[in-house]
Amino acid sequence: MSLQITLKDGSVREYQPGISVVEIAADISRGLAKNALAGKINGKVVDLNTPVNENSQLEIITVDSPEALDVYRHSIAHILAQAVQHLFPDTKFGIGPAIKDGFYYDFDSGHTFTPDDLAKIEKEIEAITKADLPFERREVSREEALKIFRERGELYKEELINELPEDAVISIYCQGDFLDLCAGPHVPSTGKIKAVKLMSIAGAYWRGSEKNKMLQRIYGTAFPKKGELDDYLFRLEEAKRRDHRKIGAELQLFTIMDEGPGFPFFFPKGMVIRNELENFWREEHKKAGYQEIKTPIILNRQLWERSGHWQHYKENMYFTDIDEEDFAVKPMNCPGGMLVYRSDLRSYRDLPLRMGELGLVHRHELSGALHGLMRVRAFTQDDAHIFMLPSQIKDEIIGVIELIDRIYKVFGFEYHVELSTKPEKAMGSDEIWDMATDALREALEAKDMPYIVNEGDGAFYGPKIDFHLMDCLGRTWQCGTIQLDFQMPEKFELNYVGEDGQKHRPVMIHRVVFGSIERFIGILTEHYAGAFPTWLAPVQVRVLTVTDRSKEYAQEVVKKLEQAGVRVELDGRNEKIGYKIREAQVQKVPYMLVIGDKEAETGTLALRKRGEGDKGALAVDEFIRQLLEEIRDKG
RNA sequence: GCCGGUGUAGCUCAAUUGGCAGAGCAACUGACUUGUAAUCAGUAGGUUGCGGGUUCGAGUCCCAUCACCGGCUCCA
């Protein structure tokens, strides 16, 4: 009896049972067999030498297949481990998976790895790939597996085997003198590996828990083609060049000093960006029917006990005492918002009530977690709490989705959304969770938005929608979030008077658009590489004189621009025009106006645009008209 | 917090085995009056993150401390 093998293109071929994937590939074409890294039988990625015993869908995975990269990198992780074993024989092995940008392997070694070791290990990896050792799979019993790794003193592997489920197929892979517990699959041999680079060494707790021993992790990256590795390394360089910490200092936007770790300083130019963002935020929120409030940064212990923060969020909070009473610095704005809601009697006619707050919160983050403006200990949330009737949930969520969409589009961000559902330890009944999750889902579907579901990833008080925006380097950042909260209205006994004259509990959502203003500015700085669009640019126009003779006219031009509300600077120094242009360009000023004798005579200006160069002569008023239009449209 | 690395002028970086702390850019002064990405010359700039120790002598070696960088989420 022969097998029916259905290929990717839909064609069906017949083979004898027991034929291996690679043999089928060879039968299709010799080139395919040569480029093959793995196979995919009925959707499952497998080794090339896997025998096929039943009618199947088969796909040959080559270096060009999307599934190839993980198999490829995972194989290199094994080779890395083998190289380390050769060079540092006392090393015990943890785990070594493929990850988003490469792979890693965790080691427990008496030797402390140094950056110099990476070059040595790379060399050894190269020797192993040159040797073209086959990866061999062997399935073993649990007892056999335990014996193999116990004999080698591989206590981490032993722990992993013991925790495998009862019915697990336990497999080991060997290449040459190296053997590892592994589900596979792998590339057929070490010779398939090209373009590997070890990136860094880091500490990592065994199984990610700080209760466990810290192992040494070696990170690397690899691509099937050298060119792809070079592209990746170039992108890393580009990200480094755009680092907001570097640009923030160079352009004098913001900084973090030793005196306040995690507490950012904003300089005058950074404040311009910040204020523009906040103005924009206020305009959009006003249009969307929000009111603005401001609640105190310090509030008393009772409030935080009532909200549950005192019990559940204490590690992240800062405390103080005033007149011998305990107070806490707010890590979130919601409790203050609750008090504002409660400050007056609310009718169903008042709902939905949308209250926004640019609220400065403080959170004690671990010192090792701090990172520029992206992870700080004090930041401003562009918060808002919407109180509403249960029947208003869907429309309100749609309103927030539209608001977020409108705001992100202005910056040219693409984004995707994720819906997180009820976690293990959640508060509230299943019914209310279902209703809330359905409301979120319906809102997304009403907007025709594709979304990813994160089962069980919601907050303990309610489900949420997260917005992940993508910057110009393809990196994603979680910024906006919409969370339904059933706990706060309960805890603060919020109510409104309904049509029936009775008290009812309102539903609340908690949402942010930017997330944190500081972080958003960090993201924008990297997204634009410091070349902010004109409406955000700290200095929008710099007027450059060619000689002293044109200074007077240049001052007139500056004055006109100032009167039009433009942020303008004059560079009237005795320097060559090329020098002044260079400086303005380095400072990323969007518009440079060159003013010399010709312009003074004709009442014009010579326009130079950042990134585009000389644009020729233009009448002053015409330039101002165009400029104001661009600023207004946030182009 | 934990692991590893780093810390020298405002910035980017030098300084041989422990042996006189230096350069470029920026700043300041002067000359040059300049047409689309760096004019020339000069001057000044430092308790080498902070605190101890070893040594005749420490930027360099040791200890402690602070800050920063990378990582600690991707599960054989």
Side-chain angles (χ1 to χ4, degrees), chain A residues 70 73-74 77-78 81 93-106 112-117 145 149 154 156-164 168-173 179-184 199-219 240 243 245-246 249-250 252 255-262 315 364-372 544-551 572-587 592-599 606-617:
Chain A
D70 274 1
R73 287 168 169 172
H74 185 193
H78 279 230
F93 298 91
I95 57 167
I99 53 173
K100 185 165 152 276
D101 289 318
F103 60 90
Y104 69 77
Y105 211 111
D106 284 345
T112 301
F113 297 116
T114 67
D116 288 342
D117 292 332
F149 289 102
E154 293 292 353
Y156 300 102
K157 299 293 178 188
E158 208 182 313
E159 185 179 328
L160 292 171
I161 294 167
N162 282 326
E163 288 183 21
L164 284 173
V169 175
I170 299 177
S171 55
I172 58 178
Y173 276 78
L179 175 156
D180 201 354
L181 175 72
C182 182
M199 304 297 289
S200 61
I201 306 160
Y205 298 109
W206 169 238
R207 314 193 94 185
S209 167
E210 58 192 355
K211 295 191 186 84
N212 292 335
K213 180 166 181 181
M214 184 163 269
L215 308 180
Q216 299 184 72
R217 174 173 295 179
I218 295 181
Y219 280 95
K240 214 164 146 189
D243 192 313
R245 294 165 299 191
K246 188 175 147 73
E250 280 169 1
Q252 295 177 297
T255 193
I256 294 178
M257 309 200 204
D258 281 5
E259 288 81 353
E315 275 94 84
H364 178 76
E365 299 290 346
L366 293 179
S367 60
L370 302 178
H371 182 94
L544 318 174
T545 52
V546 178
T547 70
D548 282 352
R549 290 192 301 278
S550 352
K551 216 163 174 178
R573 293 173 302 171
N574 276 338
E575 295 292 349
K576 285 175 126 172
I577 194 68
Y579 179 86
K580 296 186 190 180
I581 286 170
R582 182 170 192 282
E583 259 188 20
Q585 193 82 36
V586 167
Q587 288 292 310
M592 286 154 266
L593 308 183
V594 176
I595 302 287
D597 295 337
K598 270 186 282 179
E599 289 73 23
L607 180 63
R608 188 188 166 92
K609 200 168 174 184
R610 176 184 67 194
E612 292 181 27
D614 194 350
K615 308 291 279 184

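Quick note on labels: first sequence line is chain A, next is B, and so on, each numbered from 1.
Around CD of A/E163, the count of heavy atoms belonging to other residues, nucleotides or ligands within 6.0 Å exceeds 12. More than 12 heavy atoms of other residues, nucleotides or ligands sit less than 6.0 Å from atom CD of A/E159. In this structure, A/E210 places its CD atom where only 12 or fewer heavy-atom neighbours from other residues, nucleotides or ligands lie under 6.0 Å away.
Both A/T547 and A/H371 sit near RNA chain B, but only A/T547 has its closest nucleotide nearer the 5' end. Both A/T112 and A/R582 lie close to RNA chain B; mapped to their nearest nucleotides by heavy-atom distance, the more 5′-ward contact belongs to A/T112.
When the P atom is compared between B/rG1 and B/rA44, the two are found 44 Å apart, to the nearest whole Å.
Distances were taken from every side-chain heavy atom of A/Y219 (C-beta onward) to each of B/rU33, B/rU36, B/rG71; the shortest belongs to B/rG71. Comparing B/rG35, B/rG71, B/rC74 against the side chain of A/Y104 picks out B/rC74 as the nearest. Nearest to the side-chain atoms of A/E575 among the listed nucleotides B/rA76, B/rU39, B/rC69 stands B/rU39. For A/I581, taking side-chain heavy atoms from C-beta onward, the closest of the listed nucleotides B/rG70, B/rU34, B/rA37 is B/rA37. When each of B/rA37, B/rG70, B/rU33 is scored by its nearest atom to the side-chain atoms of A/A202, the top-ranked nucleotide is B/rG70. The side chain of A/M214 lies closest to B/rC2, out of B/rC2, B/rG1, B/rA26. Side chain of A/P261, nearest nucleotide from B/rG71, B/rC68, B/rU36: B/rC68.
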So what does the secondary structure string of RNA chain B come out as, 5' to 3', with Watson-Crick or wobble pairs under 3.5 angstrom, [ ] for crossing and | for pairs with another strand?
(((((((..((((.....[..)))).(((((.......))))).....(.(((..]....))).))))))))....
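For A/Y205 against B/rG71, no side-chain N or O and base N or O form a donor-acceptor pair under 3.5 Å. Not a single donor-acceptor pair, N or O on each side, falls under 3.5 Å between the base of B/rG71 and the side chain of A/Q216.
A/D258 places its CG atom 11 Å from the P atom of B/rC69, with the value rounded to the nearest Å. Atom P of nucleotide B/rC72 and atom CD1 of A/I95 are separated by 12 Å, given to the nearest angstrom. The separation between A/Q252 atom CD and B/rA26 atom C1' is 11 Å, rounded to whole Å. B/rU34 atom P lies 14 Å from atom CD of A/E599, rounded to whole Å. Rounded to a whole Å, the CG atom of A/D548 is 11 Å from the C1' atom of B/rC32. A straight line from CG of A/L544 to P of B/rA37 spans 12 Å, rounded to a whole angstrom. The nearest whole Å value for the distance from the CZ atom in A/R608 to the P atom in B/rU36 is 9 Å. When rounded to the nearest whole Å, the span between CD1 of A/I218 and P of B/rG5 equals 14 Å.
Atom NZ of A/K157 sits about 3.5 Å away from atom CG of A/D180, to the nearest 0.5 Å. Rounding to the nearest 0.5 Å places CG of A/L160 at 11.5 Å from SG of A/C182. Atom OG1 in A/T114 sits 6.0 Å away from atom CD1 in A/I201 (nearest 0.5 Å).
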Trace of the side chain to side chain contact (heavy atoms under 4.5 Å, CB included) decision for A/L215 with A/Y156
CA-CA 11 Å; A/L215 308 180; A/Y156 300 102; 3.5 Å; yes
Show your working on side chain to side chain contact (heavy atoms under 4.5 Å, CB included) between A/R608 and A/Q585 and close with a plain yes or no.
CA-CA 10 Å; A/R608 188 188 166 92; A/Q585 193 82 36; 3.8 Å; yes
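A/K580 comes within 4.0 angstrom of nothing in the nucleic acid, heavy atoms only. If you check every strand for non-hydrogen atoms under 4.0 Å, A/A606 touches a base.
Within the structure, every side-chain polar atom (N or O) of A/R217 is placed at least 4.0 Å from both OP1 and OP2 of B/rG70.
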